[in-house]
Engineer: 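Take this structure, written in structure tokens, and hold onto it; I'll ask about it next.
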Amino acid sequence: MSTVHPFEWFLINAAREFRDGEVTFVGFHWPMVAARIARHLHAPDLVVVYECGIVEDRLTPQLSTSPSDLRAAVGAPMCGGSMDALYSWLGRGRVARTFLEAPIVDRRGNVNTTVVGDYDRPTVRLPGSGGGTELGSLGRGLVLLSTGDRARAYPERVDYVTSPGHLSGPGERERLGYPAGRGPEVLLTPLGRLTFDSREGFVPAALRPGVSWQEARACFRWLREEPGELSELPEPTAEEVAATRHVLREAREMRYRLPADLPA
Amino acid sequence: MSTVHPFEWFLINAAREFRDGEVTFVGFHWPMVAARIARHLHAPDLVVVYECGIVEDRLTPQLSTSPSDLRAAVGAPMCGGSMDALYSWLGRGRVARTFLEAPIVDRRGNVNTTVVGDYDRPTVRLPGSGGGTELGSLGRGLVLLSTGDRARAYPERVDYVTSPGHLSGPGERERLGYPAGRGPEVLLTPLGRLTFDSREGFVPAALRPGVSWQEARACFRWLREEPGELSELPEPTAEEVAATRHVLREAREMRYRLPADLPA
Amino acid sequence: MPRRVPRMSMRELVADLVPDGQQLLIGGFAFGDPMALAHEIVRQRRTGLDVLKTSGGVLVDLLVGAGCVAELAFCHVWNSVGPEPAHAFRRAVEGGHPNRPAIEELSFGAMTMGLAAGALGLPFMPTTPVTLSGHDLVRRRWPDKLGTVTSPFGDGELVSVARAITPRIGIFHVQRVDEFGNGQVFGPTAELRYAIGACERIVLVAEEVVATEVVRERPELTVVPGFAVEAVVVEPWAAHPTDSSGYYRRDLDHHIDYGAATATVEGFEDYVRDWIDGTDDHPGFLARLGGDRLAALALRDRWW
Amino acid sequence: MPRRVPRMSMRELVADLVPDGQQLLIGGFAFGDPMALAHEIVRQRRTGLDVLKTSGGVLVDLLVGAGCVAELAFCHVWNSVGPEPAHAFRRAVEGGHPNRPAIEELSFGAMTMGLAAGALGLPFMPTTPVTLSGHDLVRRRWPDKLGTVTSPFGDGELVSVARAITPRIGIFHVQRVDEFGNGQVFGPTAELRYAIGACERIVLVAEEVVATEVVRERPELTVVPGFAVEAVVVEPWAAHPTDSSGYYRRDLDHHIDYGAATATVEGFEDYVRDWIDGTDDHPGFLARLGGDRLAALALRDRWW
């Protein structure tokens, strides 16, 4: 197979986070693309739920552009509402795993999709939360996906906590009434897979082959000394690459904005 | 027309309480029968809602035996749920008038459909509330219907407040967080039509012709001196009697228990 | 495609998932009451059950009369046709025969909200004002069924709240289900959507299994997604004598006959002997009813 | 039979019920956004509106870019295809062009609950824990949008609550309506049922009027009873370029084209000139799109 683009690497590893048969809450954008890749590979029985109340339990004829693109509802076994999705399924704990895109995420997994800079005079105004707040607050098995490969995507503390991660430190969620056992567990990036440590925050569990600790540290600036042993993410298989490229072709057709240097 | 039975009188006058075109919450039993009579007479555009979420806005092919008898849903424009009926429609105030059967009701309109005597060792165990509590608590324009013609149906204070009326006295509902402007307004009985006076409780506004103040007072024992002028309920019209007898024939077919001495 | 949901018979359901002493919420609101479940519970002579049911109906009357129930939470118990008295329930509560269940009552609005809180994973929901009503003053088994909080908004009004109800298992009648457990209901849903969601474990009793594509043509009718359903029992006419939207009407005669038969203890025992023990299973019960009766009640040609 | 509901044109709706400064909730969740309403609001050059919308989408982007909005409450504002940036919204909030609306934000879960409280006639609803999130800390127009109460049950945990939202008027896209105003929706409903119920006055924008018997064959699809509806506008393709379950797909190209066109102020003005002012009304807008485009998006043969 041809050289795997870092973005393809990212999506392949994102897809690996899905578990076959699990009820999975999938947020906007790359989580949807990764879920579709996973469904082509190891997770054909994935059950996806979206915030508007759709249950998507098999491969839809077309990739949706957002959770509210009703291409996601074609052939759905249930179309409910947001009370079902965000509370009965997510909050009540019937969802086993949760995927949220995290374009700006801090050491403790707090996600900002609202503003960069001052709230009232922002440098960059982002879309806001949608249901992203609930995913951070209530989602079990929460996996954050970020395509960021620069430090600005990973501040020590976000300017605005759109989706609550572990807030300022251990125990704070519980003290404030957040349900136990929730909060981000994995942060997947083009540089590697990070897992949450209640003392250190997100730390790499495995890096993409070829990514050095220095590069990781330049991005995740809270990291300290290099651990004695550091895993590498396994190489993509031919099947993974093929499925990913297939879904990326669909994404292109569905007008997704893709990295400019991605092979067509 | 033949002599009008007191029970027919009661139903005719109950039917007169309905207003054409109004959204009306109708509870179990005689309120349903009276609504159907009204629909045959002056209120063809009545919009009835039931606690299970049915909207019944026209004459159904058959009389229902209860609000949950799905004969009430035949041809319904909406089948929702109890959250719709009891909260969105009743509690939010979209219902203009409310009808509740009140087999035991006290001076201040508190209704007991739960127990006579001690709660744990009752003399008579009644069915309980269903949505009756909500009708008393939240219903606008609340009309209570009672077929009772003895004092035991009208105690000074009920043993158990299933559906809150005006509780112990003026201002108590408001003080306890009940919404303003609700609570029973009319109590219709075979003896006559009573309206609520915040000082005196339910007092006759008009009696059935032939019913004396003494008879009324023997039944509603809280009544004091006879007022200078006391209205009589207007005589039933031939149309009212015909419609009532038509609906009572339907009720008999639908296995309603009717007074034994009612003409067939 | 998702995983298939296990199928079991009614006999297996009661044998495996409804042991003596089980807490269970039984769905239905005087329509869609899974009477076939109640019959099987009686056949297997369960005792000590902790039953939650919004609308008691003949189902609860039967279970109480047969001595299956130790604890009971409800909004009302009645025989809504006639109305006939709920004789067995009255005998139990008034006279302790065959036993006096420990009872707890909520209004339908408050129980809807308690179940909604349970379904939504929230600790409580605001509800109908009920302060100083009987439901508020009388608490026997659930001292915390209702509470009051001060609103943090406006003028600090008092707000009645219903505590979340989360039954250990819930068994619900639905009209149809697919092989994946997606359950669909026609007609009004009363508290059903919330009652299902409130339960830790969910079992459906369906009139029929249909192809999943039939379910997927009307995804708005799905009241519970298959992924939340643990098992399915397929049992036609399971709700008889209550009604099932689009499938069959309420059987008025059977309601009346049940009321008349159960007016005495002996009559109740005869009813159990003839209609329940004597019929072995629900097909047997239906055979006793007879094809003409079923044909007169059937609606499938009308709403379908 | 109930009373018939008044019909009006989109032009009349905006002229009569959406004056300058009006508070209004606009329905839709990136599907079922009544874009034809937004176009007409722009055509009539409304200003000072106080808009509530859960999912901002291109609808809010357009209204903000055209200077119609003084106040805005929302969960997000985006162009969900691409995703393209919501250029006009960003220009307004970042740079104050053409004006900087006063904004307030809630998470979708909290806004759903605030609308539910409004619909159910309750002062608040418990909601997602959000303490110390941005939504909790940043309050500009609605200091009381969220609060905390101590649970009266268990160990007295802190519970986040969303205050009831009761917009003065709500305008909602539905697929079909009958002459009595009963509105029906196919597909997911997101917060729709609660958003409708929350509003003091309710107006529907329907794809079509159908015979009331068609509505009554599927009473489960009715999201609002006619008795609560004040007026109806019938406007086919009213939600374009967003999607409408069973009627048409999301128009991806138009979302992208809108994003590209509105990347500059001049481009935004050109878009308004060409697609809105220049088209007179929604049939004119559709004529500009062209029959081939509509045919490619239409679904009526599929889900019907």
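So that the names make sense, note that chain A is the first sequence line, chain B the second, and so on, each numbered from 1.
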Engineer: Just how far is it from atom CG of C:Leu132 to atom CG of B:Asn110, taken to the nearest 0.5 Å?
Structural biologist: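 Between C:Leu132 CG and B:Asn110 CG, I get 10.0 Å after rounding to 0.5 Å.
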
Engineer: Any ion pair linking B:Arg71 and C:Asp243 (charged N to carboxylate O, less than 4.0 Å)?
Structural biologist: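 A salt bridge is absent here (no side-chain N lies under 4.0 Å from a carboxylate O).
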
Engineer: Where does B:Asp120 contact chain C at under 4.5 Å (heavy atoms): side chain, backbone, both or neither?
Structural biologist: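 Looking at B:Asp120, backbone and side chain both touch chain C.
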
Engineer: Walk me through it: do C:Leu252 and B:Met254 pass the test side-chain contact (heavy atoms from CB on, under 4.5 Å)?
Structural biologist: CA-CA 7 Å; C:Leu252 305 188; B:Met254 302 310 283; 3.5 Å; yes

Engineer: Within this structure, what is the CD1-CZ distance for the pair C:Ile256 and B:Arg257, rounded to the nearest 0.5 Å?
Structural biologist: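 With rounding to 0.5 Å, CD1 (C:Ile256) is 7.5 Å from CZ (B:Arg257).
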
Engineer: What residue, out of C:Ser160, C:Ala116, C:Gly134, has the most heavy-atom pairs lying under 4.5 Å from chain B?
Structural biologist: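 Ranked by contacts with chain B, first place is C:Gly134.
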
Engineer: Checking heavy atoms, do the side chain of B:Gln62, its backbone, both or neither come under 4.5 Å from chain C?
Structural biologist: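 Side chain of B:Gln62 only, per the 4.5 Å heavy-atom cut-off to chain C.
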
Engineer: Top residue by heavy-atom pair count (under 4.5 Å) with chain C, among B:Ser64, B:Gly132, B:Ser129, B:Gly128?
Structural biologist: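 Most pairs with chain C among the choices: B:Ser129.
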
Engineer: Quiz question: by atom type and distance under 3.5 Å, do the side chains of B:Tyr119 and C:Glu105 form a donor-acceptor pair?
Structural biologist: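 Note: B:Tyr119 and C:Glu105 side chains meet the donor-acceptor criterion.
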
Engineer: Is it the backbone or the side chain of B:Thr123 that comes under 4.5 Å from a heavy atom of chain C, or both, or neither?
Structural biologist: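 Just the backbone, heavy atoms under 4.5 Å.
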
Engineer: Does one side chain, of B:Ser82 or C:Glu191, offer a donor that lies under 3.5 Å from an acceptor on the other?
Structural biologist: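 No pair is found: no donor N or O on one side chain lies under 3.5 Å from an acceptor on the other.
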
Engineer: How many angstroms lie between atom SG of C:Cys75 and atom CD of B:Glu51, to the nearest 0.5 angstrom?
Structural biologist: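 Rounded to the nearest 0.5 Å, the SG-CD separation comes out at 8.5 Å.
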
Engineer: Most heavy-atom pairs under 4.5 angstrom with chain C, which of B:Ser66, B:Gly131, B:Gly53?
Structural biologist: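 Most pairs with chain C among the choices: B:Ser66.
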
Engineer: Using heavy-atom distances under 4.5 Å, tell me whether B:Pro164 contacts chain C through its side chain, its backbone, both, or neither.
Structural biologist: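 Just the side chain, heavy atoms under 4.5 Å.
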
Engineer: With a 4.5 Å heavy-atom cut-off, do B:Thr113 and C:His76 have their side chains touching?
Structural biologist: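 B:Thr113 vs C:His76: side chains apart.
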
Engineer: Tell me, with the steps shown, if B:Glu134 and C:Ser107 meet side chain to side chain donor-acceptor pair (under 3.5 Å).
Structural biologist: CA-CA 7 Å; B:Glu134 280 68 34; C:Ser107 70; 2.6 Å; yes

Engineer: Does the C:Thr112 side chain pair with the main chain of B:Met83, one donor and one acceptor, at a distance under 3.5 Å?
Structural biologist: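 Such a contact is absent between C:Thr112 side chain and B:Met83 backbone.
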
Engineer: Okay, side chain of B:Arg125, backbone of C:Ala86: is any donor-acceptor separation there less than 3.5 Å?
Structural biologist: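 The answer is no, because no donor-acceptor pair under 3.5 Å joins these two groups.
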
Engineer: Specify which of B:Ser163, B:Pro127, B:Gly81, B:Ser137 makes the most heavy-atom pairs with chain C at under 4.5 Å.
Structural biologist: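 Result: the option with the highest number of such pairs is B:Pro127.
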
Engineer: Flag the pair B:Tyr50 / C:Pro188 as yes when at least one side-chain heavy-atom distance between them is below 4.5 Å, and no otherwise.
Structural biologist: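 Not in contact.
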
Engineer: In Å and rounded to the nearest 0.5 Å, what is the CG to CZ distance from C:Asp257 to B:Arg255?
Structural biologist: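 It is 6.5 Å, given to the nearest 0.5 Å.
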
Engineer: Are any side-chain N or O atoms of B:Tyr160 and backbone N or O atoms of C:His135, one a donor and one an acceptor, separated by less than 3.5 Å?
Structural biologist: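 Yes: the side chain of B:Tyr160 pairs with the backbone of C:His135.
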
Engineer: Just wondering, do B:Asp69 and C:Ser80 contact through their side chains at under 4.5 Å, heavy atoms?
Structural biologist: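 Sidechains of B:Asp69 and C:Ser80: no contact.
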
